[in-house]
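What follows is a set of notes on a single structure, which appears directly below.
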Amino acid sequence: MTGRDPRVVIIGAGVAGISTAHVLRERGFGNITVLEKGSDVGGVWHWNHYPGLTCDVPSQIYQFGFAPKPDWNHVWADGPAIQRYHRDVVDKLGLTPLIQLNTEVVAAEWDDAAQTWTVTTAAGDTHVADFVVCATGVLHHPAIPDIPGLDDFDGPVVHTARWDDDLVTDGKRIAVIGTGSTGVQVVSALQRVAASIEHYVRSPQWVLWAPMSMPQLPGTAALLGRYPGLHKRMFDSLLWGSQILADICTRPSWRRSLVQNYARLSLRLQVRDPELRDKLTPDYEPLCKRQVISGRYYPAIQADNAALITEDIAEVTPTGIRTADGALHQTDIIVLATGFRAHDYMRPMRVIGRDGLSIDDAWGKGPRAYAMTAIPGFPNLFTVLGPNSPSGSIHLQYSSELTAKYIAAWLERFRAGELSQVEVTEEATSRFNDEVAVAMGPTVWNTGCNSWYFTEGNTIDLWPFRRDKMIEMLGRPIDADYHVVLSQPQATKNSGAAITTSTSA
Ligand code: N01
């Protein structure tokens, strides 16, 4: 079969979509379309703009390896600065013409005979593609709690990931529900302007102290800008440092104990009132959930206008929140910092693979993929930041770029005429997932807490291995783990099987 430039549809223009579009363009692919449902690029950084939003990963590592930025204002940049960075990267790398904003994908369906995907948007447009890349993000679909009466509240109810920038919070009585990284940031920010703030905490979190508003040292930007080699070395050292953090999470060690003791100390030193400290003390080990980092939260919750509410929420009334002890807490605004449906991935999009298999059926027991990217039953489809992506340890830009290069390797073979269709085997996927399950054993995420890391099937949806394993797995595709098909597509839909099949599994 003669090769040709594949038609590629990338769904999503966040961290994963930007990485993929850039890597594919660098490899000379010219037929790329990025469909993004939002009105801007940036993914999570576009959708989240709640007060206090800051990235708790240092900006000198929370960036694309291919788009180094020396001149961050802060060591931990705020949300608007990170969103500007993503916009700038897209502009500077010339990716803008590839991206269609305000274009929500509602379905993607594989045609066995034609060996193509048909991608349908909410507006009813269709795109025919040889490959689809789902770069739809992990923390994307807001989780709205099922609290009786919530819909009948008289005032504004706002989820942090859909913040209303016109919402007036100054001088208001504000209730914040949820205490993940988001809840802690939003409480710390709103406490300064609210008349009163009540923080509803069902399970307290360990909050590790760090000077999050620290500016980048004077002269750093000029130095790193002038010496890109030095900047690269700094980036590599931070990558190395993040491996230590990943190791701390994945295996017990003295380092893990040290960080856990530091988290306990952060609470003990900042909260002197034993009763409040008791209420703020989790019943699980530090690091078990995604670690919350803040230098502001403990002081904020002890301010005169702040209150910690650990009583269960019974219902929301038109004027406030009633707790299980019968008390009615009057409030003007309810903020839902209640997290995300992290395991939906590309859903509710309707994705139909080979033989009519739907993604909902394939993932009936929870999402699973081979090497975070390939799903049995779904030929010529890959995910970037898919199941088991290392949201808890290795930074997302890094794994996105590696995954994009892996996908590019398959696309190069399509372009060279070596394959028309590629689909991971069930055997390889099961083997990988068995390895994941074993490796999860000694991780700190498995030490007895609930968190968004757990899927419906009670598996932990993270990367439990070292970075080397990711580099190895994504460095070179293994044919034996895939059905690789080389055949002429047929013209009519579902009209027959492939003509020539070279299955190496
Ligand atoms: O969400 P979460 P998040 N009644 O799922 C509570 C990333 N992030 O948006 O633990 C009462 O962590 C729930 O309580 P419980 C980061 O990876 C990064 O805060 O289930 N409470 C929990 O307290 C992070 O981990 C940055 O008992 C209810 C909270 O809501 C991830 O996003 C910044 C409830 C949800 O916490 C998600 O964080 C912000 C109910 N019915 C976020 N339902 C960076 O800085 C839920 N809760 C990079």
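If you're wondering where the values come from, they're calculated on a predicted model, not measured in any experiment.
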Side-chain donor/acceptor of H395 to backbone N/O of Q397, under 3.5 Å: no
Report yes if some heavy atom in the side chain of M234 is under 4.5 Å from a heavy atom in the side chain of L224; otherwise report no. yes
Taking all atoms of both residues into account, what is the closest heavy-atom pair of V44 and L139, and its distance? CG2-O, 3.8 Å
Counting N and O atoms only, with roles assigned by atom type, does the side chain of S253 sit under 3.5 Å from a partner on the main chain of R256, one being a donor and the other an acceptor? yes
Should I375 and I359 count as side-chain neighbours, where that means a heavy-atom distance under 4.5 Å? yes
Should D236 and K232 count as an ion pair when the cut-off is N to O under 4.0 Å? yes
Checking the side chain of H231 only, and the main-chain atoms of L223 only, is there a donor and an acceptor separated by less than 3.5 Å? no
Give a yes or no on whether a salt bridge exists between R251 and D247, defined as a side-chain N under 4.0 angstrom from a carboxylate O. yes
Please report the shortest heavy-atom distance between M372 and F432, naming the atom on each side. N-CE2, 4.3 Å
Is the NZ or CZ atom of R467 both under 6.0 Å from the centre of the six-membered ring of Y398 and within 45° of that ring's axis? yes
Checking I352 now: which residues fulfil side-chain contact (heavy atoms from CB on, under 4.5 Å) with it, not counting sequence neighbours? E109, R350, S358
What I want to check is whether the side chains of Q260 and E285 have a donor and an acceptor closer together than 3.5 Å. yes
Using the test disulfide (SG to SG under 2.5 Å), find all partners of C449 that sit at least two apart in sequence or belong to another chain. C288
When you check the gap from the basic side-chain N to the acidic O, do K69 and D71 get nearer than 4.0 Å? yes
Does the D125 side chain pair with the main chain of T121, one donor and one acceptor, at a distance under 3.5 Å? no
Are I248 and Q291 close enough, and set up right, to give a side chain to side chain contact (heavy atoms under 4.5 Å, CB included), and what steps lead you there? CA-CA 12 Å; I248 285 172; Q291 186 56 52; over 6 Å; no
C55 side, atom SG; I82 side, atom CD1 - distance, nearest 0.5 Å: 4.5 Å
Spell out, as yes or no, whether a donor-acceptor pair under 3.5 Å connects the side chain of T182 to the backbone of A337. no
Could you give the distance from CG (L385) to OG1 (T20), rounded to the nearest 0.5 Å? 8.0 Å
Assess whether a salt bridge exists between K469 and E435, defined as any Lys/Arg side-chain N lying under 4.0 Å from an Asp/Glu carboxylate O. yes
Verdict with reasoning, S59 to Q63, per side chain to side chain donor-acceptor pair (under 3.5 Å): CA-CA 6 Å; S59 303; Q63 54 180 294; over 6 Å; no
V351 side chain reached by M346 side chain, heavy atoms, under 4.5 Å: yes
Any chance you could measure S19, atom OG, to L24, atom CG, to the nearest 0.5 Å? 10.5 Å
Would you say R27 and E412 make side-chain contact, with heavy atoms under 4.5 Å? yes
For residues 206-218, please give each side-chain donor-acceptor pair under 3.5 Å, one per line with the distance, not counting sequence neighbours.
from : atom 1 : to   : atom 2 : distance (Å)
W206 : NE1    : Y284 : O      : 2.8
Q216 : OE1    : Q60  : NE2    : 3.0
Q216 : NE2    : P70  : O      : 2.9
Q216 : NE2    : W72  : O      : 3.2

CA sep, side-chain torsions, deciding dist, call: W45, Y62, ring pair (Phe, Tyr, Trp, His ring centres under 6.0 Å): CA-CA 12 Å; W45 299 103; Y62 194 87; 5.7 Å; yes
Taking the six-membered ring for Trp, are W117 and W110 parallel (under 30°), tilted (30 to 60°) or perpendicular (over 60°)? tilted
Can you tell if the side chain of F131 reaches within under 4.5 Å of the side chain of L381, non-hydrogen atoms only? no
Between S487 and Q115, is a side chain to side chain donor-acceptor pair (under 3.5 Å) present by the stated rule, with each step listed? CA-CA 9 Å; S487 67; Q115 300 185 89; 3.0 Å; yes
Which pair of non-hydrogen atoms, one from V9 and one from A129, has the smallest distance, and what is that distance? CG2-CB, 3.8 Å
Just checking, R415 and F29: is the charged tip under 6.0 Å from the six-membered ring centre and within 45° of the axis? yes
I99 and V41, any side-chain heavy atoms less than 4.5 Å apart: yes
Pair E427 + R431, salt bridge at N-O below 4.0 Å: yes
L53 backbone acceptor or donor facing D78 side chain under 3.5 Å: no
Short N-O contact, R341 and D344, less than 4.0 angstrom: yes
Side-chain touch V133/T383, heavy atoms, less than 4.5 angstrom: no
Does the pair F64 and H86 meet the rule for a ring pair (Phe, Tyr, Trp, His ring centres under 6.0 Å), with working shown? CA-CA 9 Å; F64 298 108; H86 285 102; 5.6 Å; yes
Using the side chain to side chain donor-acceptor pair (under 3.5 Å) rule, pick out the option among Y345, W452, W445 that qualifies with D461. Y345
Students often mix this up, so state it plainly: with edges at 30° and 60°, are the rings of W410 and Y406 parallel, tilted or perpendicular? perpendicular
Is it the case that the side chain of T373 and the backbone of A369 share a donor-acceptor pair, with hydrogens and angles ignored and the cut-off at 3.5 Å? no
Rounded to the nearest 0.5 Å, the CG atom of L95 sits from the CG atom of L93 at a distance of 5.0 Å
Inter-residue atom distance M473.CE - T403.OG1, 0.5 Å rounding: 10.5 Å
If we ignore hydrogens and angles and just use 3.5 Å, is the side chain of D164 paired with the main-chain N or O of D166 as donor and acceptor? yes
Straight-line distance of I10 CD1 to F382 CZ, nearest 0.5 Å: 12.5 Å
Exercise: identify the closest heavy-atom pair between R25 and L98: CG-CD1, 3.8 Å
Measuring only between side-chain heavy atoms, which start at C-beta, is F66 closer than 4.5 Å to H22? yes
Is there a donor in the side chain of E423 and an acceptor in the side chain of Y482, or the other way round, less than 3.5 Å apart? no
Residues A135 and G17: closest non-hydrogen pair is CB-N, 3.5 Å
Check: L396 main-chain N/O paired with S400 side-chain donor or acceptor under 3.5 Å: yes
Please report the C-alpha distance between R84 and D91 in whole Å, then the side-chain angles of each, then the deciding distance to 0.1 Å, and finally whether the salt bridge (charged side-chain N to carboxylate O under 4.0 Å, His left out) criterion is met. CA-CA 11 Å; R84 274 196 303 280; D91 278 352; over 6 Å; no
Just by distance, with hydrogens left out, do T116 and D130 show a side-chain donor and acceptor under 3.5 Å apart? no
Step by step, would you call T120 with V105 a side chain to side chain contact (heavy atoms under 4.5 Å, CB included)? CA-CA 6 Å; T120 308; V105 173; over 6 Å; no
Donor-acceptor pair, distance only, cut-off 3.5 Å: does the side chain of N31 make one with the backbone of P6? no
Which residue, R368, H483, R354, forms the side chain to side chain contact (heavy atoms under 4.5 Å, CB included) with P376? R368
Specify the closest pair of heavy atoms between Q185 and T54, including all atoms of both residues, with the distance to one decimal. NE2-O, 2.8 Å
